[in-house]
2 protein chains.
Amino acid sequence: MLSMTGFAMNAPLRRSLLNGHSSNPLVRKLEGLAPLSEADRSILDQLAAGARLADPHVDLIREGSAPDAAFLVLKGIACRYKHRQDGKRQILSYLLPGDLCDPDIAHLSRIDHALGTLSACSVARIPREALLFAVERHPNVAQAFRRAKIVEEAVTREWLVNLGCRSAIERIAHLFCELLLRLQAVGFAENDSFEFPVTQVELGDTTGLSNVHVNRTLQELRRQGLIATGQRRLIILDLPRLRALAEFQAGYLQPAVGTDLCTAH
Amino acid sequence: MLSMTGFAMNAPLRRSLLNGHSSNPLVRKLEGLAPLSEADRSILDQLAAGARLADPHVDLIREGSAPDAAFLVLKGIACRYKHRQDGKRQILSYLLPGDLCDPDIAHLSRIDHALGTLSACSVARIPREALLFAVERHPNVAQAFRRAKIVEEAVTREWLVNLGCRSAIERIAHLFCELLLRLQAVGFAENDSFEFPVTQVELGDTTGLSNVHVNRTLQELRRQGLIATGQRRLIILDLPRLRALAEFQAGYLQPAVGTDLCTAH
DNA sequence: CGCTTACTTGACATTCTTCAACCGCAGTGG
DNA sequence: CCACTGCGGTTGAAGAATGTCAAGTAAGCG
């Protein structure tokens with residue numbers, strides 16, 4: 001029986017064998033993108049160690065700074081965003097548990113956008129060197145990171161479509177479908193519901209809508225029996241109809257792990 | 001004098017010494033991102049060889065296919081785009097001379113967007129292996145490609161802001177500012193004007209506006225004395241005012257070549 | 001010359017924003 | 001315990017921005 005050998009295993013391995021996946025959302029995410037060895041998982045646990053709590057609506061990286069570390073979200077929701085001079089802001093992407101804000105952007109003269117929390121978050125700061133070390137020693141991890149980046153780019157393309165040619169209700173429906181799948185992938189959703197402590201103003205900054213219109217659009221989604229909200233949770237009541245409304249195609253979130261045409265580089 | 005030794009040089013070097021830059025837009029672009037040796041330039045010229053002409057409004061890569069080659073634009077304007085079921089489409093990015101559509105996206109089960117020409121184009125098809133070979137043997141080229149990618153991501157972020165929170169006139173003004181700078185960087189602009197054979201429908205697909213509204217917005221830009229159009233050219237008459245109107249910050253197009261925090265990877 | 005494609009215009013409909021007020025809840029300090 | 005405060009959500013009314021439809025014009029091309 002497994003329990004007989006349990007005392008000899010380290011914690012991540014034991015968790016992994018008992019329930020099939022790690023409690024570290026970074027491991028859970030990357031496991032879905034490339035096969036990981038126990039050593040790979042271990043280094044990822046080291047990267048995730050030392051996480052700290054961050055309040056909601058707080059900046060982690062300010063626009064114009066030059067960070068020397070990446071940030072890994074372990075709990076809660078953070079985002080990249082840009083401000084305009086007139087005070088409007090645009091949220092560029094959500095960072096969910098397991099998502100990493102890589103500081104490659106340091107190549108630019110200044111970082112051109114900010115990183116901030118939406119809800120309260122648990123965030124690990126990963127020094128650049130630690131990340132490079134992990135990637136150099138663990139090719140599977142490097143591979144998984146590359147694939148994560150490719151998915152991230154696909155998500156960004158979908159956001160462009162959202163802002164460019166979907167109606168208000170379609171934008172929000174599409175966003176909710178995306179978030180459900182991404183959160184399911186890291187074990188942060190139950191059935192079709194998840195914690196969603198994002199304000200309507202922030203939803204507006206995400207979807208390019210005013211908070212008033214977000215409010216009315218949410219009411220319409222509720223009226224149609226597609227979602228329910230409350231207690232900082234979002235419950236998707238009718239996923240098939242929500243997906244149909246948003247014309248949501250899940251493919252872009254799931255890279256084909258089998259066919260790998262780009263191991264080198 | 002230079003001409004005395006000219007006969008002993010190969011063509012790219014001679015061009016390079018005579019007028020300070022290559023006629024290959026890929027070389028011109030990457031030169032601005034990393035220092036290149038003569039061997040680097042030579043390999044880039046090889047990549048650009050064998051270009052073929054493509055008609056306007058033609059697909060180079062169709063949505064759902066799995067390309068094994070990258071495409072390099074040498075002349076004209078191409079774009080990535082996505083279609084919606086109802087026929088609307090969103091253009092995701094412009095590929096100007098020197099821009100490369102890398103096929104990393106083959107990681108996804110299917111490529112989730114199409115690549116097509118806007119104007120007539122001269123396009124080189126670069127087999128995956130040739131690209132990998134060049135990158136492996138020429139670290140400076142690899143470095144420049146990485147930086148090009150980072151700039152591309154910054155451009156995408158700016159497009160998200162465009163679609164999410166700028167008005168019609170600001171969106172178009174911002175796009176024109178971006179295109180001017182990008183085209184200047186590869187020598188495809190004279191003063192503040194450039195060839196711009198993009199239809200108003202396509203401008204609408206780019207900016208998330210209807211063609212009618214694009215038309216009226218262009219009229220407004222002309223009326224304010226900011227631009228002039230005709231003969232498939234765009235002339236920017238008052239760049240400072242256009243930039244002010246768009247709140248255009250050029251920084252994101254110009255990575256800091258001096259401070260390189262990420263040579264490894 | 002006739003065809004096609006792109007551009008232009010006007011009238012009208014719709015979507016979404018803005019403004020302003022109000023509600024309700026949770027935290028805070030007296 | 002209660003009043004106060006602040007934030008987030010909700011509502012209504014009015015207006016601005018943008019889309020749609022339909023028709024007409026101009027320019028390039030075989």
Side-chain angles (χ1 to χ4, degrees), chain A residues 55-58 77 84 86-91 116-120 162-175 195-223 227-235 245, chain B residues 55-58 77 84 86-91 116-120 162-175 195-223 227-234 245-246:
Chain A
D55 284 332
H57 320 298
V58 160
I77 304 183
R84 289 194 59 195
D86 62 3
K88 284 180 191 169
R89 79 164 177 172
Q90 177 64 41
I91 291 178
T117 59
L118 294 175
S119 68
N162 237 12
L163 293 173
C165 51
R166 280 196 252 263
S167 68
I169 197 168
E170 290 168 337
R171 289 183 205 186
I172 293 182
H174 198 282
L175 177 67
E195 235 180 280
F196 190 61
V198 174
T199 69
Q200 294 182 359
V201 170
E202 290 164 339
L203 262 181
D205 292 344
T206 305
T207 53
L209 301 168
S210 68
N211 61 335
V212 174
H213 204 60
V214 166
N215 181 290
R216 291 179 174 138
T217 305
L218 287 175
Q219 288 181 44
E220 176 63 18
L221 286 169
R222 283 190 288 252
R223 197 194 61 73
I227 66 166
T229 58
Q231 279 82 50
R232 318 193 139 221
R233 277 190 90 73
L234 179 70
I235 305 172
L245 170 60
Chain B
D55 285 333
H57 319 299
V58 160
I77 304 183
R84 288 193 60 196
D86 62 3
K88 284 180 188 166
R89 80 163 175 172
Q90 177 63 41
I91 292 178
T117 60
L118 294 175
S119 69
N162 237 12
L163 293 173
C165 51
R166 281 197 251 263
S167 69
I169 198 168
E170 290 168 337
R171 289 183 206 185
I172 294 181
H174 198 280
L175 177 67
E195 234 179 281
F196 190 61
V198 173
T199 69
Q200 293 181 359
V201 171
E202 290 164 337
L203 262 181
D205 292 343
T206 307
T207 53
L209 302 167
S210 69
N211 61 335
V212 173
H213 203 60
V214 166
N215 181 290
R216 292 184 171 131
T217 306
L218 287 175
Q219 289 180 44
E220 176 63 18
L221 285 169
R222 284 189 287 253
R223 197 195 59 74
I227 67 166
T229 59
Q231 281 81 48
R232 317 194 140 221
R233 277 190 90 73
L234 179 71
L245 170 60

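Side-chain atoms are counted along with the backbone in the values below, which use heavy atoms only and exclude waters and symmetry mates. Throughout, a chain's letter reflects where its sequence line sits, starting with A, and its residues are numbered from 1. No experiment lies behind these values; they were computed from the predicted model shown.
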**Prompt:** When Asp205(A) is tested against each of Arg89(A), Gln90(A), Gln200(A) for side chain to side chain donor-acceptor pair (under 3.5 Å), which residue passes?
**Reply:**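 Output: one option passes, namely Arg89(A).
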**Asked** Within a strict 4.5 Å, meaning less than it, do heavy atoms of the Arg223(A) and Glu220(A) side chains meet?
**Response**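 A side-chain contact under 4.5 Å exists here.
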Send over the distance from [X] [atom1] to [N] [atom2], rounded to a whole Å.
X	N	atom1	atom2	result
Leu203(A)	dT10(D)	CG	P	12 Å
Leu118(B)	dA6(C)	CG	P	12 Å
Arg166(B)	dT17(C)	CZ	C1'	19 Å
Gln231(A)	dG8(D)	CD	P	17 Å
Gln200(A)	dC7(D)	CD	C1'	12 Å
Leu218(A)	dC16(C)	CG	P	13 Å
Leu163(A)	dT18(D)	CG	P	14 Å
Asn215(A)	dT11(D)	CG	P	7 Å

**Request:** Tell me what Gly204(A) touches on the nucleic acid: a base, only sugar-phosphate, or nothing, going by heavy atoms under 4.0 Å.
**Result:**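 No contact at all - Gly204(A) keeps every heavy atom at 4.0 Å or more from the nucleic acid.
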**Asked** For Thr199(A), which contact category applies under a 4.0 Å heavy-atom criterion: base, sugar-phosphate, or nothing?
**Response**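 The answer is sugar-phosphate, as Thr199(A) gets under 4.0 Å only of primed atoms, P, OP1 or OP2.
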**Asked** So does His213(B) get a side-chain nitrogen or oxygen closer than 4.0 Å to the phosphate oxygens (OP1/OP2) of dC21(D)?
**Response**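 For dC21(D), neither OP1 nor OP2 has a side-chain N or O of His213(B) closer than 4.0 Å.
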**Asked** Using a cut-off of less than 4.0 Å, is there contact between a side-chain N or O of Gln219(A) and OP1 or OP2 of dT11(D)?
**Response**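 Yes, Gln219(A) has a side-chain N/O under 4.0 Å of OP1/OP2 on dT11(D).
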**Item:** From Thr217(B), Ile91(B), Leu175(B), Asn211(B), residue fulfilling side chain to side chain contact (heavy atoms under 4.5 Å, CB included) relative to Leu203(B)
**Value:**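 Only one of Thr217(B), Ile91(B), Leu175(B), Asn211(B) forms a side chain to side chain contact (heavy atoms under 4.5 Å, CB included) with Leu203(B), namely Leu175(B).
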**Asked** Applying the side chain to side chain contact (heavy atoms under 4.5 Å, CB included) test to Thr117(A), which of Val58(A), Asp55(A), Ile77(A) qualifies?
**Response**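 Single side chain to side chain contact (heavy atoms under 4.5 Å, CB included) partner of Thr117(A) among Val58(A), Asp55(A), Ile77(A): Val58(A).
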**Prompt:** Of all heavy-atom pairs between Leu163(A) and Gly208(A), which one has the smallest distance, and what is that distance?
**Reply:**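 So the two residues come closest at CD2-N, 3.9 Å.
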**Asked** Taking for each residue the nucleotide of DNA chain C bearing the nearest heavy atom, is the 5' side occupied by Arg222(B) or by Val212(A)?
**Response**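 Closer to the 5' end of DNA chain C: Arg222(B).
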**Request:** Answer yes or no: side-chain N or O of Arg216(B) and base N or O of dG10(C) forming a donor-acceptor pair under 3.5 Å.
**Result:**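 Yes, a donor-acceptor pair under 3.5 Å.
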